[in-house]
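Scope of the values below: all heavy atoms of this structure, side chains included, with no hydrogens, waters or symmetry mates.
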Amino acid sequence: MNHRRVLRARRTMTAVALAAGLAFTAGCGGGGDGGGDGKEPRSSEQADGSGGGSDGGRSGAPADGEPLAEVRGGEDITLTITSARRESGGFVTVSGKVTNGGGKAWVAPGWEGDESEVALRNKLSVAGAKLVDKKGKKRYLVLRDTEGKCLCTSFGQPVLAGKSKTWYAQFPAPPEGHDEVEFQIADMPPAGVTISEGE
């Protein structure tokens, strides 16, 4: 008789423990704070195309408008990367802004690249940018159309002192899983970014 009471008490305690565990899981599971997938956003590596940011994920959009990366080069030029997205056509779109902190107009020297044919067709542009996949040991150049024009921003005119201009550049996408890359252009320091999945 005592043995039956012990078994019944154990079953009751097990049922109570399971119910409490399920209630706890339901309460903590997938709240509406944007972190339901279990991946915490890293604000220093996220952005959307406008420099703001709203979607979660590893590097899609920064919290509170933080850029993915920011580097400063000669002539007091600051390059900011606000987005690096893997798109559904097999390419990556990187975008951001460039700010002229110097005292004179800036003409993006060397930013159009070393290839003379490309440079002639893409003056004052970011055609010379490269995306470096260290894991895959590959370097990706900016995509170009059939006329040799880059799929990237052409500033059109110098960036005046104290002014900023937005830019974008499209590259062939590294393989899935090769999301840690470096953006390189002219004499600017390499900018490490994490590629996010596009919408």
Side-chain angles (χ1 to χ4, degrees), residues 44-51 59-60 62 65-87 89-145 147-175 178-196 198:
S44 64
E45 296 182 352
Q46 297 178 326
D48 68 4
S50 65
S59 64
E66 290 290 325
L68 286 175
E70 189 171 275
V71 292
R72 183 169 291 173
E75 300 184 54
D76 204 9
I77 301 302
T78 301
L79 171 78
T80 303
I81 297 175
T82 55
S83 177
R85 292 187 183 273
R86 188 183 297 274
E87 308 287 354
F91 60 92
V92 169
T93 301
V94 182
S95 58
K97 69 177 180 176
V98 61
T99 302
N100 181 359
K104 59 181 181 179
W106 178 74
V107 295
W111 282 43
E112 69 277 359
D114 298 330
E115 300 173 54
S116 56
E117 187 175 329
V118 173
L120 284 172
R121 292 183 173 144
N122 298 282
K123 290 189 176 185
L124 288 172
S125 74
V126 294
K130 300 168 186 70
L131 213 56
V132 178
D133 168 18
K134 288 190 172 180
K135 181 178 179 181
K137 299 181 179 178
K138 287 190 178 180
R139 183 173 60 180
Y140 298 91
L141 305 179
V142 175
L143 292 168
R144 296 169 180 106
D145 66 16
E147 297 177 356
K149 292 182 180 176
C150 73
L151 300 183
C152 69
T153 294
S154 175
F155 297 120
Q157 55 188 349
V159 181
L160 300 177
K163 300 294 183 182
S164 297
K165 287 196 176 184
T166 58
W167 60 268
Y168 82 95
Q170 293 183 325
F171 303 87
H178 292 229
D179 296 330
E180 303 291 332
V181 295
E182 281 187 351
F183 179 89
Q184 299 177 351
I185 189 164
D187 63 347
M188 301 295 286
V193 295
T194 302
I195 299 170
S196 67

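For Glu75, the salt bridge (Lys or Arg N to Asp or Glu O under 4.0 Å) criterion is met by no residue, not counting sequence neighbours. With sequence neighbours left out, Arg139 forms a salt bridge (Lys or Arg N to Asp or Glu O under 4.0 Å) with no residue at all. Scanning for salt bridge (Lys or Arg N to Asp or Glu O under 4.0 Å) contacts around Asp76 gives Arg72, with sequence neighbours left out. With sequence neighbours excluded, the residues that form a side-chain contact (heavy atoms from CB on, under 4.5 Å) with Glu70 are Pro67, Thr78, Thr80.
Counting only heavy atoms from C-beta outward, the side chains of Glu112 and Leu124 never approach each other to under 4.5 Å. A heavy-atom distance below 4.5 Å is not found between the side chains of Pro190 and Val132. Here the side chains of Val181 and Ile195 are in contact, with some heavy-atom distance below 4.5 Å. Side-chain contact between Arg121 and Glu147 is absent, with no heavy atoms from C-beta onward closer than 4.5 Å. Contact annotation: the side chain of Leu141 never approaches that of Phe171 to less than 4.5 Å [non-hydrogen atoms, C-beta and beyond]. A 4.5 Å side-chain heavy-atom check between Leu79 and Phe183 finds at least one atom pair inside the cut-off.
A pairwise comparison of heavy atoms in Asp133 and Pro175 identifies OD2-CD, 4.1 Å as the closest pair. The shortest heavy-atom contact between Val142 and Ala129 is CG2-O, 3.5 Å. Of all non-hydrogen atoms in Ala69 and Ala191, the two that sit nearest each other are CB-CB, 3.9 Å. The minimum heavy-atom distance between Pro174 and Val92, with the atom names listed, is CD-CG2, 3.8 Å. Counting all heavy atoms, side chain and backbone alike, Arg144 lies closest to Ala127 at NH2-O, 3.8 Å.
For residues 66-86, there are no ring pair (Phe, Tyr, Trp, His ring centres under 6.0 Å) pairs, not counting sequence neighbours.
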For the pair Ile185 and Val126, evaluate side chain to side chain contact (heavy atoms under 4.5 Å, CB included) and give the outcome as yes or no after the intermediate values.
CA-CA 8 Å; Ile185 189 164; Val126 294; 3.9 Å; yes
Could you walk me through whether Lys134 and Glu182 satisfy the salt bridge (Lys or Arg N to Asp or Glu O under 4.0 Å) test, starting with their C-alpha distance in whole Å, then the side-chain angles of each, then the deciding distance to 0.1 Å, before giving a yes or no?
CA-CA 8 Å; Lys134 288 190 172 180; Glu182 281 187 351; 3.3 Å; yes
Going through the checks in order, is the side chain to side chain contact (heavy atoms under 4.5 Å, CB included) test met by Val193 and Val94?
CA-CA 10 Å; Val193 295; Val94 182; 5.7 Å; no
Hey, mind stepping through Ile77 and Thr99 against side chain to side chain contact (heavy atoms under 4.5 Å, CB included) and telling me if it holds?
CA-CA 6 Å; Ile77 301 302; Thr99 302; over 6 Å; no
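The NZ atom of Lys97 lies 10.0 Å from the OG1 atom of Thr166; values are rounded to the nearest 0.5 Å.
You'll find the ring centres of Trp106 and Trp111 inside the 6.0 Å limit.
A side-chain donor-acceptor contact under 3.5 Å links Gln170 and Thr93.
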Please tabulate, one pair per line, all N/O donor-acceptor pairs under 3.5 Å involving side-chain atoms of residues 152-163, not counting sequence neighbours.
residue: Thr153; atom: OG1; partner: Tyr168; partner atom: N; Å: 2.8
residue: Ser154; atom: OG; partner: Lys123; partner atom: O; Å: 3.3

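With Asn122 contributing its side chain and Ser125 its backbone, the two residues share no donor-acceptor pair below 3.5 Å.
More than 12 heavy atoms of other residues, nucleotides or ligands sit less than 6.0 Å from atom NZ of Lys130.
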